[in-house]
2 protein chains.
Amino acid sequence: MLMVLDPRRLLLLRDVARAGSISAAARGLGWTQPAVSQHLARLERDAGGPLLLRGPAGVTPTEAGEALLRRADVVAAELHAAREELAALHSLRGGRVRLVAFPSAAATLVPDAVGALAADHPGVEVGLQEGEPPEALAAVSAGDADLALAFGYDGPPAGLGTLAWRPLLEEPVHLVLPPGHPGPGRRGLADLADEDWIGGCVRCRTHLVTRCAAAGFEPTVRHTSDDYVVVQNLVARGLGVTVLPASALAAYRHPDVRVVDLPVLGRRHVGLVHRPGADAVPATAALVARLVARASA
Amino acid sequence: MLMVLDPRRLLLLRDVARAGSISAAARGLGWTQPAVSQHLARLERDAGGPLLLRGPAGVTPTEAGEALLRRADVVAAELHAAREELAALHSLRGGRVRLVAFPSAAATLVPDAVGALAADHPGVEVGLQEGEPPEALAAVSAGDADLALAFGYDGPPAGLGTLAWRPLLEEPVHLVLPPGHPGPGRRGLADLADEDWIGGCVRCRTHLVTRCAAAGFEPTVRHTSDDYVVVQNLVARGLGVTVLPASALAAYRHPDVRVVDLPVLGRRHVGLVHRPGADAVPATAALVARLVARASA
DNA sequence: GAGGGGGCATAAGTTGTGCTGATGGTGCTC
DNA sequence: GAGCACCATCAGCACAACTTATGCCCCCTC
């Protein structure tokens with residue numbers, strides 16, 4: 001019976017009713033009178049009956065018109081509120097960003113960036129969670145997080161899928177030895193084939209095994225911890241050797257351990273992961289910008 | 001900064017979010033995928049940022065998108081309610097019609113028609129008010145009434161302006177004489193030049209004076225009342241002569257008065273007055289139909 | 001009573017939006 | 001690696017929407 005009502009025409013009806021006449025509404029909109037007249041005619045056709053009664057001095061709504069006007073008021077209010085809400089998000093008066101970061105990054109880079117964002121825009125709500133790259137990427141993919149700080153060895157982390165990768169920094173991976181250890185000789189990593197090794201997180205351990213295999217041996221991993229303080233304490237006591245990325249050593253450096261630069265261990269690539277387009281979300285973009293600034297400093 | 005949001009695109013965003021993907025929404029709407037895609041791109045441009053994040057398996061809303069979706073839900077609900085409301089008015093499950101009628105019509109024709117309407121459509125609210133044609137027309141013009149039952153002598157009432165006139169019936173105007181009165185002779189109305197006259201409402205009196213002037217005399221209006229029962233009682237007591245339209249005599253006929261048909265007195269035209277287009281309003285149309293049916297019966 | 005200014009509707013013409021169809025890119029699945 | 005999801009982009013076409021032009025009515029004024 002009655003067709004679907006075009007909400008734009010509903011708002012036009014509201015303009016006309018407020019202006020008091022079709023011509024006045026047209027002037028207010030910067031349109032011509034027939035344009036408004038035709039829209040109104042179409043709306044009345046869709047509504048199945050007259051909405052405005054035309055008099056010599058303008059128009060007055062019918063009962064159906066008044067009913068639609070009440071609805072139109074609500075629609076107009078919602079549209080206005082929506083614009084306000086968007087403006088608040090856009091100007092960072094509000095908004096939310098959920099970051100997942102791996103532990104050693106969370107200890108240094110993240111607090112700086114999050115603190116700066118909170119200071120500049122108190123309205124933005126920042127959610128922070130620790131997580132190794134695989135879980136971090138999963139959280140972003142699932143929509144449980146907006147941004148992930150992750151890393152990969154000699155390139156972006158695996159399993160990015162459709163996610164976008166933004167590199168932040170590259171850092172060397174160092175050999176960490178007990179005090180008094182002679183260090184690798186001319187044969188490099190292969191000189192350490194008989195040492196006891198201390199492994200970190202699963203992916204760090206995989207990287208270590210890969211590198212050692214390239215050097216011709218399989219390391220004996222006697223201890224395991226993903227805590228870089230614990231690892232260094234084990235090394236300092238002479239319980240084994242290990243590798244650590246530069247940022248972990250920057251966050252905490254045991255006074256007794258010996259750190260040796262060994263390029264063959266490769267470099268760790270640290271960067272941001274987000275869903276495509278998410279870097280255009282204001283709150284996310286603001287945090288990204290601050291993370292980039294801190295990383296390049 | 002951000003342009004005006006097209007509410008249709010807001011509803012489209014809602015469809016896409018509910019469908020889970022752009023393609024699925026397009027299928028549901030019977031559109032092609034690029035059509036939806038372009039609308040969304042336009043909406044995001046207007047909103048100043050992304051609203052949906054595209055993934056391999058569909059889309060998920062951003063924070064801004066969720067804000068707009070909440071608004072879109074309200075808009076959709078309002079549009080639905082508006083359609084329901086229109087349907088109720090159209091099917092006469094609701095609605096209102098305000099009728100102004102002149103007294104003698106209100107005594108006979110109106111109760112029948114209003115009763116029939118109330119019986120058929122209990123949801124329709126009928127407002128009834130008595131009023132002589134000038135006030136009735138003014139009420140309709142001012143929007144205080146939807147429909148007027150009015151009359152004019154020898155044609156539609158004066159002062160219609162832009163109002164529409166729908167004739168219902170024509171009735172003769174009769175001469176009303178005291179018992180035993182000889183009645184007019186060969187000269188017709190002029191034979192009554194020396195009588196005492198009883199006048200009715202202002203317009204009836206004007207009509208009477210006009211007719212007498214045409215007959216060559218000015219009537220002596222000794223008494224005045226717009227109540228046709230009172231007037232007939234005055235005539236019955238011999239206090240004067242008068243004229244009354246047939247419907248007044250049909251509503252009440254004093255047993256003693258003598259009624260004479262005198263074509264020179266003209267005919268009274270009874271009809272409906274409404275603002276142009278108002279007869280397309282369901283409730284008004286329903287009452288008009290019943291008034292027409294009763295009048296032609 | 002003729003003229004001017006208010007209101008509105010309608011018709012015809014032009015411009016721009018909005019849709020389609022085709023194409024290309026991507027990721028996931030078997 | 002082929003097939004099938006998803007999406008964006010482009011060109012092309014059709015209709016919708018707006019403008020211009022016109023006519024009608026009512027009201028007011030001179």
Side-chain angles (χ1 to χ4, degrees), chain A residues 3-4 6 8-9 11-13 15-17 19-46 50-61 137-138 140-142 156 158-165 273 275-278 280, chain B residues 3-4 6-9 11-13 15-17 19-46 50-61 137-138 140-141 158-165 275-278 280:
Chain A
M3 299 176 58
V4 79
D6 187 327
R8 292 177 313 168
R9 297 201 175 95
L11 296 176
L12 184 64
L13 175 71
D15 288 335
V16 172
S21 79
I22 295 180
S23 301
R27 283 191 298 271
L29 290 168
W31 289 1
T32 56
Q33 169 262 319
V36 181
S37 211
Q38 290 170 22
H39 270 296
L40 229 51
R42 174 71 183 276
L43 182 64
E44 291 184 319
R45 210 168 60 78
D46 292 347
L51 300 173
L52 296 176
L53 295 185
R54 280 76 165 171
V59 297
T60 55
L137 267 57
V140 171
S141 270
L160 271 180
T162 107
L163 299 177
W165 167 255
V273 175
R275 298 203 280 178
Chain B
M3 299 175 58
V4 80
D6 188 327
R8 293 176 311 166
R9 298 200 175 95
L11 297 177
L12 184 63
L13 175 70
D15 288 336
V16 172
S21 80
I22 296 180
S23 300
R27 283 192 297 272
L29 291 168
W31 289 359
T32 57
Q33 169 262 320
V36 180
S37 211
Q38 289 169 24
H39 271 295
L40 272 180
R42 174 70 183 276
L43 181 64
E44 291 183 319
R45 208 169 62 77
D46 293 346
L51 301 174
L52 295 176
L53 294 185
R54 280 74 167 172
V59 296
T60 55
L137 266 58
V140 171
S141 271
L160 272 182
T162 107
L163 299 178
W165 167 254
R275 297 203 280 175

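So that the names make sense, note that chain A is the first sequence line, chain B the second, and so on, each numbered from 1.
Comparing A:Thr32 and B:Arg54 by the nucleotide of DNA chain D that holds the closest heavy atom to each, the one mapping nearer the 5' end is B:Arg54. Each of A:Ile22 and A:Arg8 lies near DNA chain C, and the nucleotide nearest A:Ile22 is the one positioned closer to the 5' end. Heavy-atom nearest nucleotides on DNA chain C were determined for B:Gly30 and for A:Gly55, and the one closer to the 5' end corresponds to A:Gly55. Toward the 5' end of DNA chain D, the nearer of the two residues B:Gln33 and B:Thr162, judged by each one's closest nucleotide, is B:Gln33.
A donor-acceptor contact shorter than 3.5 Å is absent between the side chain of B:Glu44 and the backbone of B:Pro50.
Among B:Leu51, B:Leu52, B:Val59, the one residue that satisfies the side-chain contact (heavy atoms from CB on, under 4.5 Å) test with B:Leu40 is B:Leu52.
Between the CG atom of A:Leu12 and the C1' atom of D:dA17 there is a distance of 12 Å, rounded to whole Å. Rounded to whole Å, atom P of C:dT26 lies 15 Å from atom CG of A:Leu160. As a whole-Å value, the separation of B:Asp6 CG from C:dC19 P is 10 Å. Spacing between atom CG of A:Leu43 and atom P of C:dA9 amounts to 13 Å, rounded to whole angstrom units. Whole-Å rounding puts the B:Trp31 CH2 to C:dT17 P distance at 16 Å. Between the CZ atom of B:Arg42 and the P atom of C:dG16 there is a distance of 13 Å, rounded to whole Å. Residue B:Leu40 contributes atom CG, which lies 8 Å from atom P of D:dA8 at whole-angstrom precision. As a whole-Å value, the separation of B:Arg275 CZ from D:dC26 P is 16 Å.
If you check every strand for non-hydrogen atoms under 4.0 Å, B:Gly161 touches sugar and phosphate atoms only. As judged by a 4.0 angstrom heavy-atom cut-off over every strand, B:Arg27 is placed among residues touching the sugar-phosphate backbone only.
Considering every non-hydrogen atom in both A:Leu43 and A:Arg9, the closest pair reads CD2-O, 3.6 Å. Between B:Ile22 and B:Val36, the closest heavy-atom pair is CG2-CG1, 3.7 Å. For the residue pair A:Leu53 and B:Pro276, the shortest heavy atom distance occurs at CD2-O, 3.7 Å.
Contact of A:Gln38 with C:dA9 (side chain to base): no donor-acceptor pair of N or O atoms is detected under 3.5 Å.
The side chain of A:Ser37 places no N or O atom within less than 4.0 Å of a non-bridging phosphate oxygen (OP1 or OP2) of C:dT10.
Each of D:dA8, D:dT19, C:dG7 was ranked by its minimum atom distance to the side chain of A:Pro34; first place goes to D:dT19. Checked against D:dC7, D:dA17, C:dC19, the side chain of B:Ser21 finds its nearest nucleotide in D:dC7.
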